[in-house]
Visitor: 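Below are the structure tokens for one structure; questions will follow.
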Amino acid sequence: MGFQKLILCGLGVGNLLQIKTSENNAAGALMRQAFFQVLTLKRIYTDKIKPYHGPELLCAHDADDLLYLQYTSGSTSAPKGVMVTYKNVMSCIDLCLEIFDFNREKQVLASWVPFYHNIGLVVGIFLPVFANDAHACFIPTLQFLQKPTVWLEVMSRYRATITTGPNSAYELCTRLVTEEEAQKYDLSSMTHFINGSEFVDFYTIDKFCRLFRVSPDSFAPGYGLSECVCVATLSSRDFRRVDISLDAYREGKFLPEEDGGKSIVSVGRPAIDMKVVAVRGDGTACRDGEIGEIYLQGSNVCKGYWKNPQESKSFAASIAGYEGQFYRTGDMGAVYGGQLYLTGRIKEMIIIGGRNIFPNDIILLLQEAGVALPMNAIALFSVSQNGGERPVLCAECEPAADFKGIAAQINKAVSHTFGFSFMDVVFVETGSLPRTDNQKIKTLAARDNYEANRLKVLFSTQKHGDAAEGKAAAEAERKKVVLPENPSPEDVRPIVRNMFELLLPGTEFGPEDSFMEKGGDSLRLMELVCELENDLDINIDLREIAAAPTIEGISGYISALLNGDVKSRKLDLRAECRLDEDVRLQSGYACSPRECRNILVTGTTGFLGAYLMRSLIRQKGGSGIKVYCHGRGSSTENLMERIEKNMRRFHCWEEEYRKYIIPVPGDLNLPNLGIASGLYESLSQEIDMVIHNGAILNFVFPYTQMKRTNVEGTIEALRFACRGRAKYFHYISSYSVYDNPSHFERHVMENDPLESPDGYFLGYSETKWVAEKLVRIAQERGLRVSIYRPGDITGTLKDGIWKLEDLISRSIVGCIQMGCVPEIEVNLHLTPVDYVADAIVCIAFQTASAGQAFNIINGHLMPMKDFYALLNRLGYRVGHLPFEQWCQKLEACSNEENVLRILSCLFTDKRQAGENMVERFGVRQAEFDTGNTDRLLAGSGITCPPVDAALMKSYLRHFYECGYIAKPASGLAGVFKRLLG
């Protein structure tokens with residue numbers, strides 16, 4: 001049983017890896033018996049399995065033993081780990097097999113859904129293993145996102161019978177493929193288009209069926225959640241829809257009615273022992289066809305959430321007249337004729353791209369971003385449009401507000417954090433949104449008013465222009481544009497503008513308006529790239545588009561691409577080193593560093609910021625210190641919540657710290673640090689010391705995209721330090737300022753001037769070079785400054801707590817995920833975050849620190865070969881590959897498969913000889929002096945230990961607990977190794 005053929009569809013689709021087995025092969029039987037043990041292995045090549053002769057190798061387990069954690073979507077809050085047992089998984093598989101009956105007919109699966117998604121795991125891995133005769137064609141998720149039509153090509157070429165995807169993926173195909181193009185895809189072999197993870201829309205299914213000439217019965221809508229492994233209900237060759245009364249539906253009733261105004265698709269029936277019950281608000285079961293909250297009970301309903309007893313209470317619901325406990329899904333729907341019909345999503349949730357996003361998380365984000373709106377007067381919901389769910393935000397606002405500016409601010413923040421933008425941002429009159437008796441917004445009523453045009457609208461981004469007319473004009477104009485042989489940006493601009501207007505109709509675009517801030521999301525951005533590639537017959541670098549998603553930026557890039565002239569523009573960084581003349585001390589110093597009591601810290605909601613605050617309180621709390629924490633927040637209370645949440649996240653919060661912390665809401669991107677004028681003036685007279693830690697760390701963005709925060713934010717911090725009371729200024733830079741040819745193969749002293757800005761590898765390093773020059777200018781004007789250059793900041797010394805965002809953490813996890821490391825001569829400067837914070841605080845309060853620079857770097861280097869050996873000693877079986885081959889293997893991964901893939905451009909970047917990243921951080925890297933640091937830390941007890949097996953093990957344990965990597969090889973893996981020969 002199991003896979004007869006596994007086809008991995010890579011770029012070009014034709015270059016395939018095929019692995020064949022025979023049903024008589026002894027390994028086939030072993031595969032089913034050892035199914036769960038196989039899950040611990042990354043890959044099994046069945047053509048290399050040798051017949052096994054020996055005792056039984058089944059691993060004993062109980063039905064209620066925990067198998068794995070399936071994490072729910074967490075958004076800005078912590079994800080919840082659903083505890084999945086052996087019994088849950090097997091029951092889910094049995095449910096699917098009963099409905100689909102995979103054991104009777106030959107099945108060919110085509111899937112691009114990542115395996116970490118519960119649908120990708122169950123449908124992509126589990127079901128083919130249990131089928132008698134199955135072929136599986138797997139498409140890398142990133143390839144699908146880049147070119148969605150590869151999905152259609154694989155289904156057509158390999159005569160697939162089963163596939164799976166969210167409703168939006170089917171809807172995307174109907175928009176990307178014309179009727180003429182659809183003729184070349186033969187999908188007649190398809191029996192099951194599994195449609196789940198999002199709200200299933202009849203408009204999409206009907207359009208897809210007509211376009212690709214398939215029967216509606218080939219669609220298999222389903223419903224499920226992580227809390228029941230994957231599936232609660234499914235349909236098979238029995239597509240159903242019901243027309244219901246739209247008026248009754250708006251009143252919360254499910255009333256079947258011919259041509260009733262709303263079509264609802266059945267998401268199938270329960271199977272095995274699954275019970276699906278619609279429940280009224282009073283806890284009693286609904287009648288057949290009555291809308292209520294969906295409750296689930298069955299063998300595949302899980303136990304609860306890992307180490308979260310409060311949230312796990314939702315698994316212990318009861319229904320009058322029913323035995324046992326049920327899980328409350330929070331989704332609304334009706335059971336009608338034995339089929340489940342979902343009538344709406346949970347009231348507190350919108351679903352975009354298959355992700356559950358709670359409005360409270362978005363409102364919290366807008367609060368943190370300082371959006372000028374009353375947060376208790378916002379309604380968030382999704383509406384059906386063009387075959388998919390589209391998010392809408394409605395907010396009460398004053399008539400004189402800057403509607404366009406606020407809408408852009410909202411979409412920028414949401415796009416950055418959640419990966420989507422609102423289709424429509426609507427501002428309505430104050431007090432006009434529907435509310436309950438206790439003044440809470442009635443979200444469903446607000447949505448109904450929006451759809452019925454009953455809102456008292458002041459401004460709408462969707463209806464600001466004539467959407468229909470604009471879209472028609474864009475389509476007509478698009479057909480007229482023909483590019484000359486060597487097009488200029490002006491030649492390309494109309495095509496890009498028309499594409500923007502086609503994808504976001506009714507929206508006005510200036511040449512510098514971001515596609516993402518005007519309502520675009522990640523899916524539409526992919527669609528934009530696909531359309532441009534098809535129209536212009538070119539291959540577009542997604543990073544270039546994402547870096548500057550404006551009409552001007554994209555037009556310039558495409559023009560250069562078509563002219564064979566894509567190259568980076570050289571920036572004169574020396575010209576950037578200009579500090580306004582008014583940034584100079586207004587008074588003399590009134591205290592020594594040791595006497596400083598009022599400390600302003602920026603960047604307090606980041607990784608290093610959390611430990612800086614802990615170090616300040618631990619080292620200086622007994623002397624009456626007050627830590628003024630600057631950060632984004634709508635109020636002091638909101639910012640305090642963010643600070644506490646961040647420190648708890650990194651396990652460095654103590655309740656007693658609260659009395660030392662004074663939140664200061666602000667923004668590095670704004671004048672005067674975004675601090676309210678009155679507070680700014682009072683603080684300028686009170687603060688004794690500034691520790692400027694706030695910055696954007698990004699390995700892909702160019703200098704210009706980080707300048708506002710990293711450079712102009714530093715100017716504002718210097719301005720504050722000079723205003724009123726003279727303050728000691730401590731700037732947190734980076735050792736990456738040494739990453740240019742002027743420092744290669746040199747022993748660099750901490751106080752050596754940074755002369756040359758030429759040849760940096762990263763835009764981030766350029767911002768730090770400019771910021772340091774600005775700090776030195778302020779020093780020449782009398783400000784007492786110190787500069788700190790940490791190495792690669794890693795997890796804590798004690799428990800390995802680390803933030804998976806930097807290059808080093810991604811490299812460690814990425815190499816483990818790939819199973820190999822590159823053969824390169826590179827030294828890792830692993831500098832634990834708590835050592836960095838302790839060292840900075842200890843040095844900052846010493847008089848001798850003024851005017852000095854300090855390299856806060858671990859002097860105990862770890863060569864890559866030692867890193868490779870250490871991983872293997874700790875149980876992670878990683879090999880090694882020549883660098884070029886390793887890069888190719890990394891690029892073949894998707895972002896979902898490997899956390900390092902997103903930074904692969906850093907490794908493949910082509911520079912002149914001696915200046916690529918490997919040589920910069922290897923044989924040509926500077927040797928860093930730490931004399932200043934060692935001298936001021938002497939006698940403090942603060943030291944940086946070598947990175948040994950114990951420390952690395954704590955890092956790996958943390959990554960495992962976060963779900964980034966699997967457990968290291970164990971005795972069980974050894975059994976399988978002997979089994980496989």
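Numbers here are sequence positions counted from 1.
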Visitor: Would a 4.5 Å heavy-atom cut-off, applied to side chains only, mark Arg708 and Leu668 as touching?
Guide: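 The answer is no, as the side chains (C-beta and beyond) never meet within the 4.5 Å cut-off.
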
Visitor: The test is side chain to side chain contact (heavy atoms under 4.5 Å, CB included); show your working for Arg614 and Cys652 and say whether it passes.
Guide: CA-CA 7 Å; Arg614 187 183 74 166; Cys652 60; 3.7 Å; yes

Visitor: Quick one: does any side-chain atom of Asp752 pair with a main-chain N or O of Val748 as donor and acceptor, under 3.5 Å?
Guide: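 No, the answer is negative, given that no donor and acceptor are paired below the 3.5 Å cut-off.
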
Visitor: Going by side chain to side chain donor-acceptor pair (under 3.5 Å), name the pairs with one or both residues in residues 710-720, residues two or more places apart or in two chains.
Guide: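 For residues 710-720: Asp580-Arg719, Asp582-Arg719, His692-Thr714, Asn710-Thr767, Glu716-Arg719.
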
Visitor: Set out, in order, the CA-CA distance, both residues' side-chain angles and the distance that settles side chain to side chain contact (heavy atoms under 4.5 Å, CB included) for Gln885 and Glu823, then state yes or no.
Guide: CA-CA 10 Å; Gln885 294 181 26; Glu823 297 172 354; over 6 Å; no

Visitor: Assess whether side chain to side chain contact (heavy atoms under 4.5 Å, CB included) is satisfied between Ile857 and Thr933, documenting all intermediate values.
Guide: CA-CA 9 Å; Ile857 296 174; Thr933 301; over 6 Å; no

Visitor: Can you check whether Phe867 reaches Met952 side chain to side chain, under 4.5 Å on heavy atoms?
Guide: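 SC-SC contact between Phe867 and Met952 confirmed.
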
Visitor: Out of Trp769, Phe928, Tyr764, which one pairs with Tyr735 under the ring-ring contact (aromatic ring centres under 6.0 Å, His included) rule?
Guide: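 Exactly one pass, corresponding to Phe928.
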
Visitor: May I ask you to check whether over 12 heavy atoms, not counting those of Glu825, lie within 6.0 Å of atom CD?
Guide: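 Incorrect, the count does not exceed 12.
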
Visitor: Do Gln852 and Ser786 have side-chain atoms, one donor and one acceptor, less than 3.5 Å apart?
Guide: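 There is no such pair between these side chains.
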
Visitor: Could you tell me the separation between the OG atom of Ser733 and the CG atom of Leu754, rounded to the nearest 0.5 Å?
Guide: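 These two atoms lie 7.5 Å from each other.
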
Visitor: Kindly say whether the aromatic ring centers of Tyr731 and Tyr788 come within a distance under 6.0 Å.
Guide: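 No, the ring of Tyr731 stays outside the 6.0 Å limit from the ring of Tyr788, centre to centre.
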
Visitor: Measuring from atom CD1 of Ile732 to atom OG1 of Thr602, what distance do you get when rounded to the nearest 0.5 angstrom?
Guide: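 Separation between the atoms: 8.0 Å.
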
Visitor: Distance alone, cut at 3.5 Å: any donor-acceptor contact between the side chains of Tyr738 and Arg789?
Guide: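 A donor-acceptor contact under 3.5 Å links the two side chains.
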
Visitor: Taking atom types as modelled, is there a side-chain donor on Asn646 or Arg649 under 3.5 Å from an acceptor on the other?
Guide: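 Per modelled atom types, Asn646 and Arg649 side chains form no pair under 3.5 Å.
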
Visitor: Rounded to the nearest 0.5 Å, what separates atom CD1 in Ile843 from atom CG in Leu937?
Guide: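 The CD1 atom of Ile843 sits 4.5 Å away from the CG atom of Leu937.
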
Visitor: Less than 4.5 Å apart, any side-chain heavy atom of Glu884 and any of Pro882?
Guide: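 In short, these two side chains do not touch, never coming nearer than 4.5 Å.
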
Visitor: Quick one: do the Glu750 and Thr930 side chains pair a donor with an acceptor below 3.5 Å?
Guide: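 Absent: no donor and acceptor within the cut-off.
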
Visitor: Give the minimum heavy-atom separation between Met613 and Cys629, together with the two atoms involved.
Guide: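 Between these two residues, the closest heavy atoms are SD-SG, 3.0 Å.
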
Visitor: Does the side chain of Tyr557 come within less than 4.5 Å of Pro489's, by heavy atoms?
Guide: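 A side-chain contact is absent here, since even the closest heavy-atom pair is not under 4.5 Å.
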
Visitor: May I ask you to decide if Val601's main-chain N or O and Asn693's side chain share a donor-acceptor pair within less than 3.5 Å?
Guide: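 Between the backbone of Val601 and the side chain of Asn693 there is no qualifying donor-acceptor contact (under 3.5 Å).
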
Visitor: Is His630 close to Thr604 at the side-chain level, that is, under 4.5 Å between some pair of heavy atoms?
Guide: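 Contact flag for Thr604/His630 side chains = no.
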
Visitor: For a quick test of reading the model, state the closest non-hydrogen atom pair linking Val878 to Tyr868 and the distance between them.
Guide: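 It is O-CE1, 2.8 Å.
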
Visitor: List the atom of Leu797, the atom of Pro832, and the distance in Å for their closest heavy-atom pair.
Guide: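 Heavy-atom minimum between the residues: CD2-CG, 3.4 Å.
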
Visitor: If only side-chain N and O atoms count, and only distance matters, is there a donor-acceptor pair under 3.5 Å linking Ser615 with Asp838?
Guide: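 A pair is found: one side chain offers a donor N or O, the other an acceptor, under 3.5 Å apart.
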
Visitor: Determine whether a donor-acceptor pair (N or O, by modelled atom type, separation under 3.5 Å) exists between the side chain of Tyr728 and the backbone of Ala850.
Guide: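 A pair under 3.5 Å: no.
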
Visitor: If you take all heavy atoms of Gly800 and Tyr955, which pair is closest and at what distance?
Guide: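 Nearest pair, atom of Gly800 first, then Tyr955: CA-CD2, 3.5 Å.
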
Visitor: Work out which heavy atom in Ala926 is nearest to a heavy atom in His743; give both atom names and the distance.
Guide: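 For Ala926 and His743, the tightest heavy-atom pair comes out as CB-O, 3.3 Å.
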
Visitor: Ser736 and Ser765: side-chain donor and acceptor closer than 3.5 Å?
Guide: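 Side-chain D/A pair, Ser736 to Ser765: present.
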
Visitor: Would you say Arg632's side chain and Gly666's backbone share a donor-acceptor pair under 3.5 angstrom?
Guide: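 No.
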
Visitor: For the pair Tyr611 (side chain) and Phe650 (backbone), establish whether a donor and an acceptor sit closer than 3.5 Å, ignoring hydrogens and angles.
Guide: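 Flag set: sc Tyr611 to bb Phe650 pair under 3.5 Å.
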
Visitor: When you compare the side chain of Leu673 with that of Asp667, does any pair of heavy atoms fall below 4.5 Å?
Guide: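 Of all side-chain heavy-atom pairs linking Leu673 with Asp667, none is under 4.5 Å.
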
Visitor: Quick one, Pro741 and Asp758 - any side-chain contact, counting heavy atoms below 4.5 Å?
Guide: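 Of all side-chain heavy-atom pairs linking Asp758 with Pro741, none is under 4.5 Å.
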
Visitor: When you look at Thr796 and Asp834, which way does the side-chain hydrogen bond (donor to acceptor under 3.5 Å, both in side chains) test go after all the steps?
Guide: CA-CA 6 Å; Thr796 56; Asp834 41 356; 4.8 Å; no

Visitor: Tell me whether Asn932 contacts the main-chain N or O of Phe854 through its side chain, where contact means a donor paired with an acceptor under 3.5 Å.
Guide: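 Checking the backbone N and O of Phe854 against the side chain of Asn932, no donor-acceptor pair under 3.5 Å is found.
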
Visitor: Below 4.5 Å, heavy atoms only, C-beta onward: do Leu900 and Leu807 meet side chain to side chain?
Guide: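 Yes, side chains in contact.
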
Visitor: Walk me through whether Leu881 and Lys889 qualify under side chain to side chain contact (heavy atoms under 4.5 Å, CB included).
Guide: CA-CA 9 Å; Leu881 288 175; Lys889 187 171 183 178; 4.1 Å; yes

Visitor: Apply the test salt bridge (Lys or Arg N to Asp or Glu O under 4.0 Å) to residues Arg493 and Glu552: give CA-CA distance (whole Å), side-chain angles for both, the deciding distance (0.1 Å), then the verdict.
Guide: CA-CA 7 Å; Arg493 197 172 294 139; Glu552 197 70 24; 3.0 Å; yes

Visitor: Inspect the surroundings of CZ in Arg578 and state if more than 12 heavy atoms from other residues, nucleotides or ligands are less than 6.0 Å away.
Guide: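 For Arg578, atom CZ is not crowded (no more than 12 foreign heavy atoms under 6.0 Å).
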
Visitor: Within the side chain of His880, is there an N or O that forms a donor-acceptor pair under 3.5 Å with the backbone of Cys820?
Guide: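 Absent.
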
Visitor: When rounded to the nearest 0.5 angstrom, what distance separates CZ in Phe607 from CG in Leu697?
Guide: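 Between atom CZ of Phe607 and atom CG of Leu697 there are 12.0 Å.
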
Visitor: Is a donor from one side chain sitting under 3.5 angstrom from an acceptor on the other, for Glu576 and Tyr703?
Guide: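 On atom types as modelled, these side chains qualify, holding a pair under 3.5 Å.
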
